[in-house]
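Read the structure below first, then the notes.
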Amino acid sequence: MEYIYAALLLHNAGKDVTEENVTAVLNAAGVEVQDARVKALVAALEDVNIEEAISKAAVAPVAAAPAAA
Amino acid sequence: MEYIYAALLLHNAGKDVTEENVTAVLNAAGVEVQDARVKALVAALEDVNIEEAISKAAVAPVAAAPAAA
Amino acid sequence: MEYIYAALLLHNAGKDVTEENVTAVLNAAGVEVQDARVKALVAALEDVNIEEAISKAAVAPVAAAPAAA
Amino acid sequence: MEYIYAALLLHNAGKDVTEENVTAVLNAAGVEVQDARVKALVAALEDVNIEEAISKAAVAPVAAAPAAA
Amino acid sequence: MEYIYAALLLHNAGKDVTEENVTAVLNAAGVEVQDARVKALVAALEDVNIEEAISKAAVAPVAAAPAAA
Amino acid sequence: MEYIYAALLLHNAGKDVTEENVTAVLNAAGVEVQDARVKALVAALEDVNIEEAISKAAVAPVAAAPAAA
Amino acid sequence: MALYTHHLPRWKKDEVEEIKRGIEEHTLVGVVDMYGIPASQVQQIRRNLRGTARVKMARNTLIEHALNELGGSVATLNDHAEGQSALIFTNENPFKLFKLLEKTKTKMAAKPGETAPEDIVIPKGPTSFKPGPIVGELQQVGIPAAIEGGKVKIRETKTVVKKGEVINKKVAEALVKLGVKPMDVGLILQAAYYRETIFTPDLLAIDEEVYANNIVLAAQQAFNLSVNAVIPTRLTVAAIIGKAVSEARNVGVEASIYEKDIVDLIIGRAQREMLAVALAAQGRGFELDEATLK
């Protein structure tokens, strides 16, 4: 989930979720960054409405199965 | 919530949630870090089992929360 | 939760939830006050309608379903 | 509710919920303390396991929140 | 709960819920009455519409509907 | 309902629910006591586990059921 | 680096140059497998990709030459160029390209020996066939064909081949006659070189839903952590207050602390307890009065 947390951190900070930014955040956290995963994350999130996903979470914190990220 | 995400990121990456680490992550995300908030975060998490606190559902406010920081 | 109860106590007593007041209440309770946490609390409450948050709590009791981690 | 908040503040801070302590906290919050209420509070809590009572969700109100004073 | 039972007994019997009456009922039940709790109870009930509070709670308890008799 | 409240009051106070005790409590509340009802109540409650019945009620009902009869 | 081409004939040199240009002029170059795709299908796919991606077919040796001449990390694409490969050039990102190629897949008739990509189901109903040997042919492979009203009809829906099973010759022939095209045919992206990184299909087949779900999960976790560890933020402080208030009310009711804000809740509890005991007593012969019954 580190990659997801990094994306949400950036999003919450009002920054763009770019490869560069995600990599910088992960590096700062001491994570050994895999470029392909960062690229996959950024590409995948292009089509995801983060705001909407977050508000879903705020409304109903229900049990959810974590999937690999 | 940036501070919370920074803590989660570090925790997931197997790093300690220290003031230094949190600050580094937030800096990398381009967040203007407030030392007091970092201190408060780290202090609050000191005695907390993050794994447990993450998975124990807290009651969300009834209506959809606005996603302010 | 000490800090939160201090804020609620002040609010219920019709006092402003300021750093000074929260600190005074916590001190009276013999709590070793961490300024950072007081600051963070007061900052977080800035845009929040405490009365509303309280009345919402009446609807949703504490216990809830766990979210998988 | 000030009295109950004061009691929980003390309990959360690891202090005893005595008449003296409750009065001190209420005073610090600028509340005009009624001795009878403090006594009633302390007496009521004497035989109660606060930790247990907190999570018991005995309340579960039925419909909309009552806007009591 | 003795105190509240006493109050509701009085209310149901069409009597005023005064400190004196509550004390008398509790005494008759052999309860060692704490004046402070009686005072607190009577004070708390002052602005409360008992009838309304009762009807709100009048959601039939788990068991079953009573057959008319 | 007075009769039941009287019984609950006695039970809560750790007293036996006898005809004598119930009558005393009701008298103290100014209720004109019907001996037959007291007898019926005491007989009925002999086989009832009051503690259990109460605890069922404490788990507050969730949905609002109509309390018609 | 001209080392590789100096001995090549002119047309091959031109091919290599064209490939190199294609790579240099696009942000992404991919290796695709063309095996088993008929020419007509290739034309269709090219049409579908027009404006987005260009497919360049060339001999593997020439592709290898071109990649080696460019050198550097792009040369590692060679490891993925096997069988009947072609190159694909685009300025899309590899995930978009992967999806695009998935979408350009078309259905084709099955050849004997191929594996069913999914259950092959023949629906019941009329066919266009006139009565003849076709009925027997269908029946032979287990398709319940019959003659009805001068036409061949399938009597009931039948799964002829299960997913993952090999399609034998007779079945393949029957399917062709029925016009059933069970095979997915299209360009299969074997690897993509994009921004100094090689992407393999396992990385490319991303499911946005999984990411979206993880975002929700992470947001929930952050919310839970903030509330449970009492780290107030603007987003969560209301929930934290709510939790504190609920707890205070619980304590107040449990301990029967008679305060204005909760005395109604305590009354409610007493009332419910009374009703519970009243019902229990009624079950043992105590007649309830009218007020209780209400």
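From a predicted model like this one, the values you see are computed outputs, not experimental measurements. Reminder, nothing fancy here: chain letters follow the sequence lines and each chain counts from 1.
More than 12 heavy atoms of other residues, nucleotides or ligands sit less than 6.0 Å from atom CD of G:E165. Counting non-hydrogen atoms of other residues, nucleotides and ligands closer than 6.0 Å to CG of D:D16 gives a total of 12 or fewer. Atom NZ of G:K107 sits in a crowded spot, with more than 12 heavy atoms from other residues, nucleotides or ligands closer than 6.0 Å.
At a heavy-atom cut-off of under 4.5 Å, chain G is reached by D:R37, D:L41, D:A44, D:L45, D:V48, D:I50 from residues 25-50 of chain D, listed in order of number.
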Decide side chain to side chain contact (heavy atoms under 4.5 Å, CB included) for G:R249 and D:M1; before the verdict, give the C-alpha distance in whole Å, the side-chain angles of both, and the deciding distance to 0.1 Å. CA-CA 8 Å; G:R249 288 204 178 113; D:M1 293 289 281; 3.9 Å; yes
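Atom CD1 in G:I262 sits 3.5 Å away from atom CD1 in D:I4 (nearest 0.5 Å).
Between D:I54 and G:V251 there is a side-chain heavy-atom pair separated by less than 4.5 Å.
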